[in-house]
Amino acid sequence: METGATEAAVRSMAVGAIYKTSTKDVGTPGVLRMVRSVLPSPSPPPPHAFPPRMRASWADEDKFSFTPIDPRSSVKLNVGFRSIKNQLLAKVDTSKLAPAPPLWKLCKDKGGGYLFVLGNVANREKCREFVARILEKHQGTVPPLPKVIPEDPAASTGSEQLSVERRKKLLLEDSDLRKLHMRFIPGNVLQESEFWERRKHLLDDDANNVSKQRPGLKNVMHDVRPLADGWTNTVTFTTEIIHQIFAEKPAVYRAYFDVVPKKISEKEFWKKYFRAENLVRSKNIAAAAAEAAEDEELAVFLKSDHILAKEAKLKIKQVDPTLDLDADAGDDYIHLLDHGILHDGSKVSIDTDGELTWRTLSQGLNRHAAVVLEGGSSESYCSVADDSIHERLAKVARMTEIEDLQAPQNLQYAPLCIKDPREYFDSRQAHALRSLGSSSDVNKGQDYSLSTDDVFCRLMYQVSSIELHKLNCHADHSNVALKVINELDQMISRARRCNLRNPHGNLLGRLPLRTQDELMDHWTAIQELLHHFWSEYSITSPVLSNKVYIAKTGPKDQGCNDTDISKSADIDDGLLVAWIRCIIGAICDLQDIKESAQPDLRHEISQLVKPMTQALDAAFSYDLEQQQESHSPGTNPTGFEPRRKSSGLACR
Amino acid sequence: MTSSHSKLYSDDVSLVVVVVDTNPFFWAEAALPFANFFEHLVHFVNSILLLNHLNRVVVIAAGVSSCAYIFDSSDATAPGGAGVAATFDKTKHKVKEFIDQDALATKGNSSVDSNNAASLLSGALSLALCYIQRIFRSGTRHPQPRILCLQGSRDGPEQYVAVMNSIFSAQRSMVPIDSCIVGTQDSAFLQQASYITGGVYLKPQELNGLFEYLAAVFATDLHSRTFLRLPKTLGVDFRASCFCHKKTIDMGYVCSVCLSIFCKNQKKCSTCGSEFSRVMPDLNSMPDQSK
């Protein structure tokens, strides 16, 4: 399993294998470790949450070592890759019932080699890739390694580089993510690809952030210059541009509906529009005024947008009158003279002719922003044409009201609400359950065996016996009154005691911040660990469950490492051994936290740690019945497989 | 006059609508005789009226098959010894009349038997809310209304929907429903009613001191409740009744369209007609009807 690390890190790999001196040899089972260095002098290992015994070993040269499981065996290897010339792989036909074991040979440059049998083809492939890189490096054919953490050493495309840079950025920005990354990647637990597989949405979000902004309306006439004859301009515009013009200039839209096609054609309309734009760009006020005087439609384009002015006035009316609007006066049509700049950067000149007032840059920007915020669609300009219809409908609605048939307007209504059930679903549920249980006592006090006539007669008799002068004031009975007062007092005190406990508080909130952070970090790491563990491994047989149990409960002294675990539990798969090692480490860390907690917080911490420990134990649990149910067809009509049992956890 | 009138309508003026359970099946075997209960009620009503001369009290009797108004303080005669006696006699006469009517109605109602006789709480709540709405529409100045239910008999699961509708209507109108249980078992409906509307739910243990309970807890007006600590129930029985069999259930099936509750899995909702077994069509395969 490859380790991704920081720039100066050493890459290592550990896998269970059987070493054979020849193909006919029985072989010696053990653990094969390979180490590949990047720089001559590696930096110290990153801090790790798990105990020091779990940390990877560091080396300063490319080498591999083989350690047999049986300590009495003399077959131990520690070879540098400089002596290895190439590697050979035996074909494995998986279609056969008993395929050949995946053999892998590292050939020495002086003849001979080292023959290994790996657990499966996938492991062999990983080892092959690892060694291939080393051999290529030695032979000088591989390009220098990038300074960032590459997911796939062979990939060097632009998109991969971008992805790696995004990852770096995410790690720099998010300290929790960085902590999680430093826990598992250098520790030989997870690969980069596995780690980032769960965080694709984070990487994708960065890519999508770029193009979310909508550009504003371009000045179409800005880059258009007259042709050689000085009279003709050619403008190309699309329906999208038209929609944008209509959205940001409602007066143009209104004019379009008014005159096209009744008075002029659409082509003529747009000619006039762009003629007006050209005049605005040229800042030829005299020519603009002259043409506006001659052409009514052109004058509409040159004048200020009265619809926008009306909207602005309405908005101004709704503003708090105590606000100082002088600063905003120049942003729209209630503007001061000589305020603002035009689109080409020049200042607005004082124009005494109020008919031709051109919109400033800030007005254009504000209008574009309003269009985007209000739904941003080109259909928003439709509301301009519907104004009259809306007014008519509002008038009709007002006219049909008949006063004496209307409900009073001042009645206050409270919104229907469903209260938070947590307010009472606490330990108070005991009372509710008690009251539910009391329903069984119903028949004790009420015997409904009497006939209907009898009961009504009895009631009538009782009512008849009530006389005014016989009404006793039971308040005189002081004993009864005292009992009542005491009972009410107890009820109120009990309710008050229950209410003092904050229903929204939780155990985590009572702990110091440092402990909270530590526990949350552990829980995040455990979630990450279990997510990958569940997807890679599942305990599918009692034998494996037994082995894992032995590994979990075996001695965990300072020297415990993958080899010890593999040996004690007789597990060949190096990956599984590594996972077990991590989970055991997590359990030990949680135990340390509980033991080191302050006495007054120990109970709360143990309550929080307990579900974490249960979740880790559930990773090793084997449920025979559940396995049988999940493998039997047609048991679950929804098509979903039953989830593995896991315990919940109190979160913030 | 207007200003003094408005000053008289201070925050503690109350309209208390008392719903009295007159289920004869319950009172036939109740530990507290109906006569004693009625005495406590009369004292309580008098106390409410004494707290503020603008206070109003309305008493609604809830029988087995009917319910009716039996007392309205606004109809009472002038205060004084003779007036009190006249009012009392009039009320007593109304109670007797109501019991006779209820007896007739119950005899003609074959669905009622001694084993499942529940008071018509839903009808009484509806009457109370109608009265309160009339008060709301009488003018801008009106007393603050609340409802007090004095119930002893068991809940009728067949009234679940009607009772819940009344409760939500009271919640929307901001009318609290107080509950005082004079029977031996709690009422899930009234627990929910008090919880949802912000009223007080109480099941006194010492029924001989019922007046003390009523005076100490239920006589407080809404304004005073904001700074008084009243007894609160520790748990609420949120069980519902299924719409199909009217059984009280705590786990069941709910229609996702109309929220009707059923005790068994059904293919079709009997309330709104939604079919539960139909597979949702693929929206992508449906033709675009806007084009």
Side-chain angles (χ1 to χ4, degrees), chain A residues 407-408 410-419 421 424 428-436 438-439 441-442 444-456 458-460 462-466 468 470-475 477 480-481 483-485 487-488 491-492 494-496 498-499, chain B residues 22 24-31 33-35 38-40 42-43 84-85 88-89 92 95-96 99-100 102-103 106-107 112 114-115 117 136-137 140 154 168 171-174 183-186 195-196 204-206 208-209 211-213 216-217 229-239:
Chain A
N410 56 349
L411 282 178
Q412 291 177 5
Y413 287 108
L416 289 174
C417 66
I418 299 174
K419 292 186 182 179
Y424 75 95
R428 300 167 191 178
Q429 203 178 17
H431 181 80
L433 291 173
R434 200 164 53 242
S435 65
L436 287 178
S438 68
S439 63
D441 299 330
V442 154
K444 288 185 185 173
Q446 297 168 13
D447 181 12
Y448 288 169
S449 59
L450 297 171
S451 69
T452 307
D453 286 336
D454 288 340
V455 294
F456 273 105
R458 278 197 183 188
L459 185 61
M460 190 63 83
Q462 291 193 17
V463 170
S464 302
S465 65
I466 301 170
L468 180 62
K470 290 182 186 174
L471 284 179
N472 291 326
C473 182
H474 289 267
H477 296 177
V480 172
K483 282 184 192 174
V484 168
I485 294 295
E487 184 193 325
L488 287 174
M491 283 173 71
I492 293 167
R494 191 167 57 233
R496 192 159 176 251
C498 291
N499 287 336
Chain B
T22 60
F25 295 98
F26 163 71
W27 288 112
E29 303 293 334
F34 184 79
F38 197 79
E39 288 171 9
H40 289 287
V42 167
H43 289 307
V84 168
F88 183 81
D89 287 339
K92 188 174 155 187
V95 171
K96 284 183 181 175
I99 292 172
D100 282 335
D102 196 38
T106 304
K107 280 178 193 171
V112 174
S114 57
N115 292 327
F136 278 151
R137 293 173 191 229
T140 55
R154 63 165 72 115
F168 291 132
Q171 183 195 28
R172 189 145 168 85
S173 303
M174 293 189 287
T184 53
Q185 54 173 334
D186 283 295
Y195 176 77
I196 291 171
Q205 300 300 312
E206 191 69 34
N208 289 330
F211 170 71
E212 276 77 18
Y213 287 106
V217 178
R229 201 180 294 277
L230 295 174
K232 279 187 183 176
T233 180
L234 293 182
V236 178
D237 181 3
F238 267 86
R239 283 183 300 170

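Each chain gets a letter, A, B and so on, in the order the sequences are listed, and its residues count up from 1.
- Using a 4.5 Å heavy-atom threshold, the side chains of K96(B) and S464(A) count as touching.
- The two residues I492(A) and L230(B) come nearest to each other via the heavy atoms CG1-C, 4.0 Å.
- When all heavy atoms of M491(A) and P231(B) are compared, the closest pair comes out as CE-CB, 3.8 Å.
- A donor-acceptor pair is defined here as one N or O able to donate and one able to accept, closer than 3.5 Å; such a pair exists between the side chain of Q462(A) and the backbone of F34(B).
- In this structure, the side chains of I466(A) and F88(B) come closer than 4.5 Å at one or more pairs of heavy atoms.
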Self-check item: Intermediate values then yes/no, side-chain contact (heavy atoms from CB on, under 4.5 Å), D102(B) and F456(A)
Solution: CA-CA 9 Å; D102(B) 196 38; F456(A) 273 105; 3.8 Å; yes
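- Residues T452(A) and F25(B) are in side-chain contact: their nearest non-hydrogen atoms beyond the backbone lie under 4.5 Å apart.
- Taking the side chain as every heavy atom from C-beta outward, E487(A) and Y213(B) approach each other to under 4.5 Å.
- Among G209(B), P204(B), A216(B), A31(B), the residue making the largest number of heavy-atom pairs under 4.5 Å with chain A is G209(B).
- Side-chain contact check for K107(B) versus D453(A): some heavy-atom pair is nearer than 4.5 Å.
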